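Below: one structure, written as structure tokens.
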Amino acid sequence: MERGSNRLSVHRDEEMKHELQGLLRSGRPTRMEDWHDPEPIADDDPPVAGGPVTPGSGRGSVAAVRLDLARHLGRTSFPAGPRELIGVLRAQYAPDTLVAAVERLPGGTRYANAQELADAVVRSAESGAEAPEGPAPDA
């Protein structure tokens with residue numbers, strides 16, 4: 001015999017599951033009052049559930065790419081060139097689309113911060129070719 005703090009018997013538990021089965025499978029909110037329902041997604045919410053931000057897609061604005069880069073690159077990663085940044089991105093398990101976008105950047109440039117890197121990544125994705133020379137050439 002199972003001992004626990006359950007107030008209901010096994011039979012009553014099964015009966016309640018049977019009663020709620022239709023509501024749970026209905027695909028609509030089960031609350032009686034509208035104020036209990038969760039709010040719908042707003043237009044300016046960040047795309048969290050949609051997966052990683054990919055440069056070159058409709059969601060690949062400079063701010064969104066900078067946010068995704070900043071998640072994986074710390075302040076100590078800069079200034080650096082694309083090769084060093086690719087190593088850090090891979091070590092931080094960044095999405096492959098983000099790593100591929102940084103791989104397309106020219107190797108002779110150095111970026112001082114995530115903003116400069118995001119600008120170059122978005123420019124590169126929009127042009128479809130390699131980004132023009134970056135902000136500070138490698139000295």
Side-chain angles (χ1 to χ4, degrees):
M1 178 173 183
E2 183 178 323
R3 295 179 190 244
S5 62
N6 192 358
R7 296 180 304 144
L8 306 173
S9 69
V10 175
H11 300 293
R12 178 68 180 133
D13 202 25
E14 289 297 321
E15 183 181 326
M16 288 178 69
K17 282 182 189 175
H18 182 69
E19 289 174 2
L20 292 174
Q21 188 175 20
L23 289 174
L24 296 175
R25 289 188 178 181
S26 68
R28 57 185 165 80
T30 59
R31 307 266 188 210
M32 296 300 284
E33 293 88 13
D34 289 336
W35 57 271
H36 279 295
D37 292 334
E39 290 185 21
I41 297 173
D43 293 336
D44 60 345
D45 283 347
V48 175
V53 176
T54 56
S57 69
R59 303 180 312 168
S61 69
V62 176
V65 173
R66 183 185 64 230
L67 176 66
D68 206 26
L69 285 168
R71 284 185 188 140
H72 302 288
L73 298 172
R75 291 181 183 173
T76 59
S77 301
F78 297 100
R83 287 188 158 212
E84 296 95 355
L85 295 172
I86 290 167
V88 173
L89 286 171
R90 286 193 176 137
Q92 295 294 321
Y93 302 105
D96 291 336
T97 53
L98 194 61
V99 175
V102 175
E103 285 175 343
R104 286 193 299 266
L105 297 175
T109 57
R110 291 185 65 78
Y111 302 96
N113 54 33
Q115 178 66 41
E116 290 178 3
L117 180 62
D119 287 335
V121 165
V122 170
R123 261 192 321 239
S124 172
E126 287 174 353
S127 68
E130 298 221 335
E133 283 299 310
D138 195 9

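All values reported here derive from a predicted model rather than from experimental measurement.
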Mind checking side chain to side chain contact (heavy atoms under 4.5 Å, CB included) for [X] and listing every partner two or more places apart, or none if nothing turns up?
{"X": "A118", "result": "V62, V65, R66, L69"}
{"X": "V99", "result": "I86, L89, R90, A94, E103"}
{"X": "N113", "result": "Q115, E116"}
{"X": "A70", "result": "none"}

(request) Report the C-alpha distance between L98 and H72 in whole Å, list the side-chain angles of each, state the deciding distance to 0.1 Å, and finish with yes or no for side chain to side chain contact (heavy atoms under 4.5 Å, CB included). (result) CA-CA 10 Å; L98 194 61; H72 302 288; 4.1 Å; yes
(request) Starting at CZ of R123, measure out to CG of D119 and round the result to the nearest 0.5 Å. (result) 6.0 Å
(request) Give, for atom CG of L105 and atom CG of L117, the distance between the pair rounded to the nearest 0.5 Å. (result) 6.5 Å
(message) Test: side chain to side chain donor-acceptor pair (under 3.5 Å). Region: residues 74-85. Which pairs qualify, not counting sequence neighbours?
(response) none
(request) For R110 and P79, work out which heavy atoms get closest and say how close. (result) NH2-O, 2.9 Å
(request) Taking all heavy atoms of Y111 and all of F78, pick out the closest pair and write down the distance. (result) O-CD2, 3.3 Å
Quiz: residues 15-22 side-chain donor-acceptor pairs under 3.5 angstrom, not counting sequence neighbours:
residue, atom, partner, partner atom, Å
E15, OE2, R12, NH1, 3.1

(message) Can you confirm whether P82 sits close enough to T109 that some side-chain heavy atom of one is under 4.5 Å from a side-chain heavy atom of the other?
(response) yes
